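Proteins get letters first, then strands, A, B, ... in listed order; numbering begins at 1 in each. Heavy-atom basis, side chains included; hydrogens, waters and symmetry copies ignored. Please read these numbers as outputs of a predicted model, since none were measured by experiment.
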Amino acid sequence: MPQLLTVRVKRPDGRPIRIWVPVLPVVLVLSPVVVLAVLAAAVACLVYRLSVVRALGTGWRIACALPGTRFDVQYSRTAVLVAIR
Amino acid sequence: MNEQRKDILDMLADGKITAEEAEQLIAALQRDQPPAPSRFDARPKGKAKYLRLMVHTVEDGEPGRIDVRVPLQLLRAGVQLAALIPPQALDRANAQLHKSGVPFDLTQLKPEQLEAFVEHLDELTVDIEQPDAQVRVFCE
């Protein structure tokens with residue numbers, strides 16, 4: 001399960017912006033939205049005759065496998081880094 | 001044994017330096033050794049954990065760099081999604097592929113095959129070099 005999302009943006013003027021997002025507190029705050037999204041996914045699975053348990057399990061496995069993902073893009077003097085820990 | 005180490009031992013054997021001096025020189029030599037290169041071919045043997053994509057470009061004289069690291073575990077989990085694609089969607093995708101001149105049947109693609117593909121990704125190495133771009137895909 002991801003713990004921390006790090007976003008770093010380096011602007012052309014050289015000043016970096018760093019944002020650390022603690023995933024668990026954000027998920028807890030957005031839990032009503034998460035519940036609605038899960039319900040919507042379950043309904044979609046039923047409509048398309050897919051196993052709800054299997055679909056949710058796959059989604060959970062993907063979320064758990066996210067830590068370690070890192071995107072680092074730099075062009076000229078601008079850079080963006082997104083890292084999931 | 002590398003050349004410098006051999007020279008130190010030769011000097012010690014010739015009596016030009018003492019054993020303590022030789023030890024100090026060898027220690028200094030080890031400190032000055034460059035770190036192991038981080039290239040994919042230098043990675044220790046073992047299970048790869050990440051798929052890495054590195055792109056270096058030069059556009060209009062401006063350097064660009066893309067560095068993406070994706071856990072292989074994420075790819076394995078993503079493969080499971082293939083089993084969740086509705087048959088109707090696969091049929092429509094197949095029709096579009098045929099229309100685009102790609103006679104590929106997605107319904108024949110089984111999750112087990114994709115898993116086997118991901119399992120063997122750690123042996124994958126793609127290295128493309130052009131005058132203004134360098135692309136490297138490997139596992140680490």
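Residues B/P71 and A/G68 share a closest heavy-atom pair of CG-C, 3.9 Å.
Counting heavy-atom pairs closer than 4.5 Å to chain B, the top residue among A/R77, A/R49, A/R61 is A/R61. For the set B/Q88, B/Q80, B/R76, the entry with the most heavy-atom pairs within less than 4.5 Å of chain A is B/Q80.
Annotation: residues 49-58 of chain B contacts chain A through B/Y50 [non-hydrogen atoms, separation under 4.5 Å].
Of the atoms belonging to B/E59, heavy atoms from both backbone and side chain fall under 4.5 Å from chain A. Heavy atoms closer than 4.5 Å to chain B are found in the side chain of A/L50, but not in its backbone.
Under the 4.5 Å side-chain heavy-atom criterion for ILVMFWY residues, a single connected hydrophobic cluster contains both B/L106 and B/V102. Tracing side-chain contacts under 4.5 Å through hydrophobic residues (I, L, V, M, F, W, Y), one never reaches A/L39 starting from A/V27; they form parts of separate clusters. Taking hydrophobic clusters as Ile, Leu, Val, Met, Phe, Trp and Tyr residues chained together by side-chain heavy-atom distances below 4.5 Å, A/V9 does not share a cluster with A/L81. Clustering ILVMFWY residues whenever any of their side-chain heavy atoms sit less than 4.5 angstrom apart, transitively, puts A/I17 in the very cluster that holds A/V7. The hydrophobic clustering, which links ILVMFWY residues whose side-chain heavy atoms are closer than 4.5 Å, places B/F117 and B/L72 together.
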Practice task
Given salt bridge (charged side-chain N to carboxylate O under 4.0 Å, His left out), test A/D72 with B/R65 step by step and report yes or no.
Solution key: CA-CA 8 Å; A/D72 189 2; B/R65 180 172 62 87; 3.3 Å; yes
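Taking CG of B/L81 as the start and CD1 of A/I62 as the end, the distance is 3.5 Å to the nearest 0.5 Å. For the atom pair CD1 (B/I66) and OH (A/Y75), the distance works out to 11.5 Å, reported to the nearest 0.5 Å. In this structure, CG on A/L66 lies 11.0 Å from CD on B/Q73, to the nearest 0.5 angstrom.
Residue A/R8 qualifies as open at atom CZ: its count of foreign heavy atoms under 6.0 Å is 12 or below.
Using a 4.5 Å cut-off on side-chain heavy atoms (C-beta onward), A/R54 and B/L84 make contact.
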